[in-house]
Amino acid sequence: DTAVSQTPKYLVTQMGNDKSIKCEQNLGHDTMYWYKQDSKKFLKIMFSYNNKELIINETVPNRFSPKSPDKAHLNLHINSLELGDSAVYFCASSLIDSEAFFGQGTRLTVV
Amino acid sequence: DQQVKQNSPSLSVQEGRISILNCDYTNSMFDYFLWYKKYPAEGPTFLISISSIKDKNEDGRFTVFLNKSAKHLSLHIVPSQPGDSAVYFCAARRSNDYKLSFGAGTTVTVRA
């Protein structure tokens, strides 16, 4: 029974395209996140939503736009993809003051 | 600017022995610390945490030690098992803050 699931797991696309990554959690958490793991393996937070409201918005190009239709879903849309966007993107969820649960990751490759 | 640092990128240990992973942080406002374990092609999995009001937290084979004055924490795995081979991430945040800051990870290899 998957707790945090994100699709697709792998995404290969050309520069300039627009793509979306979807995330769903069935843990009843009120907060969801997008993290990016770059080539140096650092995990860095991009966005966080609490009860569908944006609460964290790190310095991310505005080509990245998160959307939270409800508490259980947080999608990430990326416009005009660039080579430097290639990374692994992790969705996560949590309750306040508790540990975050992560999805399996989406490996995005821009060619 | 990395506020959480794991200076050892890798660690190799024999099965049955102790694994010690280290983590340093620079932000004195951090008061909650976590360790995550990650297998290839999977997301990080929560392992153990510690609040700044404690200096030790134990869960089975895993113990986390916190030295606030040194801004240092460590994870001990005793005894190490082959299934412990993974990347271990140290993370930290402030209370009531959703944002986790991660270290770069330490790859642990447990040799049979």
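Throughout, a chain's letter reflects where its sequence line sits, starting with A, and its residues are numbered from 1. What you see below is based on every heavy atom in this structure, not just the backbone, and it leaves out hydrogens, waters and symmetry mates.
- There is no path of hydrophobic side-chain contacts, each under 4.5 Å, that joins V78(B) to I50(B).
- L100(B) and I55(A) fall within a single hydrophobic cluster, where Ile, Leu, Val, Met, Phe, Trp and Tyr are joined by side-chain heavy atoms under 4.5 Å apart, directly or via other members.
- Only the backbone of S98(A) comes within contact range of chain B, judged by heavy atoms closer than 4.5 Å.
- Using a 4.5 Å cut-off between heavy atoms, A92(A) does not touch chain B at all.
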task = Evaluate the side-chain contact (heavy atoms from CB on, under 4.5 Å) criterion for residues K41(A) and K38(B): first the C-alpha distance (whole Å), next the side-chain angles of each, then the deciding distance (0.1 Å), finally the verdict.
result = CA-CA 12 Å; K41(A) 305 302 181 187; K38(B) 184 183 179 304; over 6 Å; no
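- Remark: R61(B) CZ is packed, more than 12 non-hydrogen atoms of other residues, nucleotides or ligands lying under 6.0 Å away.
- Proximity of E99(A) to W35(B): side-chain heavy atoms (C-beta onward) are nowhere separated by under 4.5 Å.
- Around the CZ atom of R94(B), the shell of radius 6.0 Å holds no more than 12 heavy atoms that belong to other residues, nucleotides or ligands.
- Between Q37(A) and F89(B), the closest heavy-atom pair is NE2-CZ, 3.6 Å.
- Sparse packing is recorded around NZ of K44(A), with 12 or fewer heavy atoms of other residues, nucleotides or ligands lying under 6.0 Å away.
- From Y98(B), atom OH reaches atom CG of D30(A) across 5.5 Å, with rounding to the nearest 0.5 Å.
- Across every non-hydrogen atom of F46(B) and A100(A), the tightest pair is CB-O, 4.5 Å.
- Aromatic ring centroids of F102(B) and Y35(A) lie under 6.0 Å apart.
- Interface remark: Q6(A) contributes no atoms to any contact with chain B (heavy atom separation under 4.5 Å).
- Tracing side-chain contacts under 4.5 Å through hydrophobic residues (I, L, V, M, F, W, Y), one never reaches I20(B) starting from V13(B); they form parts of separate clusters.
- One hydrophobic cluster, built from ILVMFWY side chains closer than 4.5 Å, holds both V64(B) and F62(B).
- Residue with the most contacts toward chain B among V4(A), T31(A), L43(A): L43(A) (heavy-atom pairs, distance under 4.5 Å).
- No continuous path of ILVMFWY side-chain contacts below 4.5 Å connects F30(B) to Y32(B), so the two sit in separate hydrophobic clusters.
- Counting only distance, with no hydrogens or angles, the side chain of Y36(B) and the backbone of F102(A) share no donor-acceptor pair below 3.5 Å.
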